[in-house]
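Shown next, in structure tokens, is the structure this report addresses.
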Amino acid sequence: MLLTLRIIHILAAGVLVGSVIFNYFLLRPALRLIPPAHAVVVAQRVGNLFTYTGWTTLGLLFLSGLLRLGDPSIILKLDFYTSGYGRSLGMMIIFWLLTVVSSTIMTFTLRPKLMKKLSVSSNPTLADVEKRRADQMYASTWMDRLQLANVITATLALVAGASIAFGGLF
């Protein structure tokens, strides 16, 4: 059972880190090279896939990590963090939590702003169109920042987790 959980945990971590790296370093720059109307369609389609993939991997990491601990209350004891193993596990948990927070902001706050469309039946004014555009530019800027944060936090969680096999980072 522990071996299966370990394999699931490692695969989920690899998929998460690979996805955020692909998204930030390959997809994001490529979208800037195509016309905005096409970029929106591609970003919506790929964004849906990344949203489901990201949340699935974060959930799998949580469940497999929790089940691998055996006794989850061990992470609440301060003396656990006196060893390299405990400190590395603590860092992995903190970076996972930061990834979850930034993903939550992107999924439930910024993404809806980027996907918002003005209905034709509401007869939008030029001011409405300009406000939506400004909101989308603001959301896009923050989305880029949080995607970079996810690259950093997911990679650091992966490094901290991998170091546990060698007794921890420090």
Side-chain angles (χ1 to χ4, degrees), residues 5-34 36 39-40 42-69 72 74-76 78 80-116 134-170:
L5 289 172
R6 184 177 187 181
I7 290 169
I8 290 170
H9 200 78
I10 291 169
L11 287 174
V15 169
L16 178 65
V17 171
S19 294
V20 296
I21 287 173
F22 174 81
N23 190 29
Y24 189 78
F25 291 107
L26 298 173
L27 180 63
R28 191 178 60 87
L31 289 175
R32 292 195 171 133
L33 298 175
I34 60 177
V40 168
V42 172
Q44 284 176 344
R45 303 259 191 250
V46 175
N48 288 338
L49 176 65
F50 276 122
T51 300
Y52 296 129
T53 302
W55 283 110
T56 301
T57 57
L58 288 170
L60 285 172
L61 287 168
F62 175 74
L63 291 174
S64 62
L66 194 64
L67 292 172
R68 288 181 68 207
L69 277 176
I74 196 168
I75 63 173
L76 300 175
L78 289 179
F80 176 69
Y81 299 102
T82 58
S83 69
Y85 173 85
R87 285 188 297 269
S88 292
L89 184 65
M91 286 176 51
M92 184 175 62
I93 292 169
I94 287 169
F95 290 130
W96 176 85
L97 282 170
L98 290 171
T99 304
V100 168
V101 168
S102 64
S103 296
T104 301
I105 293 168
M106 286 191 295
T107 301
F108 300 111
T109 304
L110 299 175
R111 202 159 184 275
K113 284 185 182 181
L114 289 172
M115 301 302 163
K116 184 179 178 184
D135 286 346
Q136 287 178 327
M137 292 302 293
Y138 178 81
S140 178
T141 300
W142 274 101
M143 186 76 88
D144 285 348
R145 291 174 183 163
L146 289 175
Q147 285 174 347
L148 178 59
N150 273 357
V151 168
I152 294 167
T153 57
T155 303
L156 289 174
L158 182 73
V159 169
S163 74
I164 290 173
F166 304 102
L169 286 170
F170 51 97

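- Two residues are said to be in side-chain contact when any heavy atoms from C-beta on lie closer than 4.5 Å; Trp55 and Thr104 meet this criterion.
- For the pair Trp142/Lys113, no side-chain contact is recorded, criterion being any heavy-atom separation below 4.5 Å from C-beta on.
- The heavy-atom pair separating Ala154 from Val17 by the smallest distance is O-CG2, 3.5 Å.
- For Tyr24 (side chain) and Asp144 (main-chain N/O), no donor-acceptor pair under 3.5 Å exists by modelled atom type.
- Judged by distance alone, the side chains of Thr53 and Ser19 never bring a donor and an acceptor atom under 3.5 Å apart.
- Within 6.0 Å of atom CG in Leu78, 12 or fewer heavy atoms from other residues, nucleotides or ligands are found, so the atom counts as exposed in its surroundings.
- Checked by atom type and distance alone, the side chain of Ser88 never pairs as donor or acceptor with a backbone atom of Tyr85 at under 3.5 Å.
- The backbone N or O of Leu5 sits nowhere less than 3.5 Å from a side-chain atom of Arg68 that would complete a donor-acceptor pair.
- In this structure the side chain of Phe50 never reaches within 4.5 angstrom of the side chain of Val20, judged on heavy atoms.
- Remark: the backbone N or O of Ile152 is not paired with any side-chain donor or acceptor of Thr155 at under 3.5 angstrom.
- Using modelled atom types and a 3.5 Å distance limit, the side chains of Thr51 and Thr107 yield no donor-acceptor pair.
- Here the straight-line distance linking atom CG of Leu27 with atom CD1 of Ile21 works out to 14.0 Å at 0.5 Å rounding.
- Residues Leu110 and Met143 approach most closely at CD1-N, 3.7 Å, considering heavy atoms.
- You'll find the side chain of His9 reaches within 4.5 Å of the side chain of Leu61, heavy atoms only.
- Of all the heavy atoms in Leu31 and Ala39, the pair that sits closest is O-CB, 3.5 Å.
- No donor-acceptor pair under 3.5 Å is formed between the side chain of Ser140 and the backbone N or O of Gln136.
- With a 4.5 Å cut-off on side-chain heavy atoms, Leu156 and Leu98 do not count as touching.
- Taking 4.5 Å as the limit, every side-chain heavy atom of Leu158 sits out of range of all side-chain heavy atoms of Trp96.
- You'll find the side chain of Asn48 reaches within 4.5 Å of the side chain of Arg111, heavy atoms only.
- Side-chain contact between Val151 and Phe25 is present, with heavy atoms from C-beta onward closer than 4.5 Å.
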